[in-house]
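A note on names: the letters A, B, ... follow the listed sequences, proteins ahead of strands, and every chain is numbered from 1.
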2 protein chains.
Amino acid sequence: MAEDKNENTEEKIITAANDVFEKKGYDGAKMQEIADKAGINKALLHYYFRSKDKLFEMIFGLAFRKLVGELEFLFDTGIPVKEKVRIFVDRHTDFISRNRHLPLFIINEVNRRPEIFVKLLEGIYGKEDRLNKLLKQIEEETKAGILKQFDPRQIFLNMIAMNIFPFAAKPLVKGILRMDEDDFGGFIAERKKIVTEIIIKSISEK
Amino acid sequence: MAEDKNENTEEKIITAANDVFEKKGYDGAKMQEIADKAGINKALLHYYFRSKDKLFEMIFGLAFRKLVGELEFLFDTGIPVKEKVRIFVDRHTDFISRNRHLPLFIINEVNRRPEIFVKLLEGIYGKEDRLNKLLKQIEEETKAGILKQFDPRQIFLNMIAMNIFPFAAKPLVKGILRMDEDDFGGFIAERKKIVTEIIIKSISEK
DNA sequence: TTTCGGTTTAACCAAACGGTTAAACTCTTT
DNA sequence: AAAGAGTTTAACCGTTTGGTTAAACCGAAA
């Protein structure tokens, strides 16, 4: 795996480390396995990233920003809220399906060391006014009778919970509902519509 | 911790192992820590449960049955479906709040070794006709115009996803939404109503 | 009191782990 | 072609980990 001599070693390491950390978590990940997957040996791994912790910190940061980056789109106040929901559920579901282990990885590692992401959080809150603009947009659409009064935090949680959960618990879901890979794919496709509908209904007047 | 000489050693081990495995997962859990928490030494731990795997298998089985046991109530066909939802969301949320690490533990370990729970699943499917009775109940209430047509699997997933997610991702949620412990408690209390309402609305006619 | 099975312990073991070292290789610069 | 910095490797190190061993302890049955 990974043969090109010219390819950047650092990139190969990051790719491999990403794979292993996401799938197995900090405790389950072994430096030797990362080195093997990157096609190098352990010493070179330590040459590029001094320690497992340092390497992990880098990977976690990338993963966290990747996940948060997908939310960026919600702050575009040019799009009506309901339209945002429609597009977001679709895109977010696809994103998670392509990065199946990402959400659980973040959740697990933050559970393990809650301090881990406070610095990364500052990066988000730098652009605090975007959040305020979004809240204002919702407020306006509520006044206009398009939306009903609701707690955006709760609705947001509902949306990402319904999106993430089936993928996070995929083997569990497949096992209990006795699905094969195709069944699961169809189930998710159908799910997009249902989740979209539910969220929109839960923020619509009447 | 744990001083009573008379107390059953095996119980102390199970309690300690449960704590450690649930919080840290298989890879993060160390036999030494379990022994310490049980107030015994490592050799005695291996005397009772020959290996880490054996001990883990036992703990996982208990945890899985505990989680599944909470669903039992849904199969009581004496209660109308909507009433079931109301009661279930309330009870299930309380249960998870008391067992914060349980769902994530199950999800993680099943992801790690998907075969792990196939045998446990057989225990569930022994009582397959109960599921059929539940489906029949839903069908009847649909014919009676109480419920609309829906895929029970999707709605079930939505319900437990919305219940579990805030607890599984608790430190993440608290961090991003900047809550302290009290805030979070209030948020969850409010959540019960919202989730109940959303689920009921998504299965109600019109 | 002796004996005997279950219980508990300290000491030990081999493998796996994260990390280091020192030497060798490679490629560019002069 | 020599120097030099960056790159790569095999061998090694100390610690932690899951697991074992053999001996001591203890309470009940004989």
Side-chain angles (χ1 to χ4, degrees), chain A residues 1-63 105 108-109 112-113 115-116, chain B residues 1-63 105 108-109 112-113 115-116:
Chain A
M1 191 171 278
E3 228 29 81
D4 303 349
K5 261 279 193 266
N6 291 0
E7 199 187 326
N8 194 349
T9 302
E10 193 170 327
E11 256 176 48
K12 289 196 294 185
I13 293 177
I14 290 179
T15 303
N18 205 354
D19 278 11
V20 177
F21 275 127
E22 274 192 23
K23 240 173 257 173
K24 313 205 167 177
Y26 182 88
D27 290 320
K30 309 294 157 181
M31 293 299 267
Q32 187 61 63
E33 190 186 348
I34 294 173
D36 290 348
K37 231 174 202 162
I40 57 169
N41 71 11
K42 228 176 36 174
L44 186 54
L45 190 54
H46 280 92
Y47 174 78
Y48 276 89
F49 299 87
R50 247 191 307 259
S51 67
K52 187 182 182 183
D53 286 85
K54 287 261 195 307
L55 179 55
F56 174 80
E57 208 174 326
M58 144 126 293
I59 298 299
F60 181 84
L62 288 175
F105 170 61
N108 278 326
E109 299 307 328
R112 230 173 34 93
R113 282 205 241 120
E115 343 76 63
I116 207 177
Chain B
M1 190 171 278
E3 232 24 87
D4 304 348
K5 260 280 192 266
N6 292 0
E7 199 187 325
N8 195 350
T9 302
E10 193 171 328
E11 256 177 47
K12 289 195 294 184
I13 293 177
I14 289 179
T15 303
N18 206 351
D19 278 10
V20 176
F21 274 128
E22 273 193 23
K23 239 172 259 175
K24 313 206 167 177
Y26 182 88
D27 290 319
K30 308 294 156 181
M31 294 298 268
Q32 188 60 61
E33 189 185 349
I34 294 173
D36 290 348
K37 229 172 203 165
I40 57 170
N41 71 11
K42 228 176 38 174
L44 187 56
L45 189 56
H46 280 93
Y47 174 79
Y48 275 90
F49 299 88
R50 247 191 304 260
S51 69
K52 186 183 183 182
D53 285 86
K54 287 260 196 306
L55 178 57
F56 173 80
E57 207 174 327
M58 144 126 292
I59 297 299
F60 181 84
L62 289 174
F105 171 62
N108 279 326
E109 299 307 328
R112 230 175 32 96
R113 282 204 239 120
E115 345 75 63
I116 207 177

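Counting only heavy atoms from C-beta on, B:H46 has its side chain closest to D:dG18 among D:dT8, C:dG19, D:dG18. If you check D:dG6, D:dG18, C:dT20 against the side chain of A:Y47, the one that comes closest is D:dG6. Of the candidates C:dA10, D:dT8, C:dG19, D:dT8 carries the atom nearest the A:T9 side chain, counting heavy atoms from C-beta on. Side chain of B:K52, nearest nucleotide from C:dG19, C:dT9, D:dG19: D:dG19.
One atom, CD of B:E33, and another, P of D:dT16, lie 14 Å apart when rounded to the nearest Å. Look at CZ on A:F49: it is 12 Å from P on D:dT7, rounded to the nearest Å. The CD atom of B:Q32 sits 11 Å away from the P atom of C:dA10 (whole-angstrom rounding). At whole-Å resolution of the value, CD1 in B:I40 and C1' in C:dA10 are 15 Å apart. B:I13 has its CD1 atom 11 Å from the C1' atom of C:dT7, to the nearest Å. A straight line from NZ of A:K54 to P of C:dT20 spans 11 Å, rounded to a whole angstrom. A:L45 places its CG atom 14 Å from the P atom of C:dC17, with the value rounded to the nearest Å. Between the CG atom of B:N41 and the P atom of C:dT7 there is a distance of 14 Å, given to the nearest Å.
Scanning atom types as modelled, one donor and one acceptor separated by under 3.5 angstrom connect the side chain of B:K42 and the base of D:dG19.
Toward the 5' end of DNA chain C, the nearer of the two residues A:A29 and A:A43, judged by each one's closest nucleotide, is A:A29.
Note that NZ of B:K30 and NZ of B:K24 are 9.0 Å apart. Values are rounded to the nearest 0.5 Å.
Counting non-hydrogen atoms of other residues, nucleotides and ligands closer than 6.0 Å to CZ of A:R113 gives a total above 12.
Under a 4.0 Å N-O distance rule, the pair A:K54/A:E57 does not qualify as a salt bridge.
Using a 4.0 Å heavy-atom distance criterion, B:Y48 is classed as a sugar-phosphate-only contact.
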Point to revise | A:D27/B:Y26 under side chain to side chain donor-acceptor pair (under 3.5 Å): CA gap, chis, key distance, verdict | key: CA-CA 9 Å; A:D27 290 320; B:Y26 182 88; over 6 Å; no

Exercise for review: Let me see the working for B:F60 and B:F105 under side chain to side chain contact (heavy atoms under 4.5 Å, CB included), right down to the final yes or no.
Suggested key: CA-CA 9 Å; B:F60 181 84; B:F105 171 62; 4.1 Å; yes

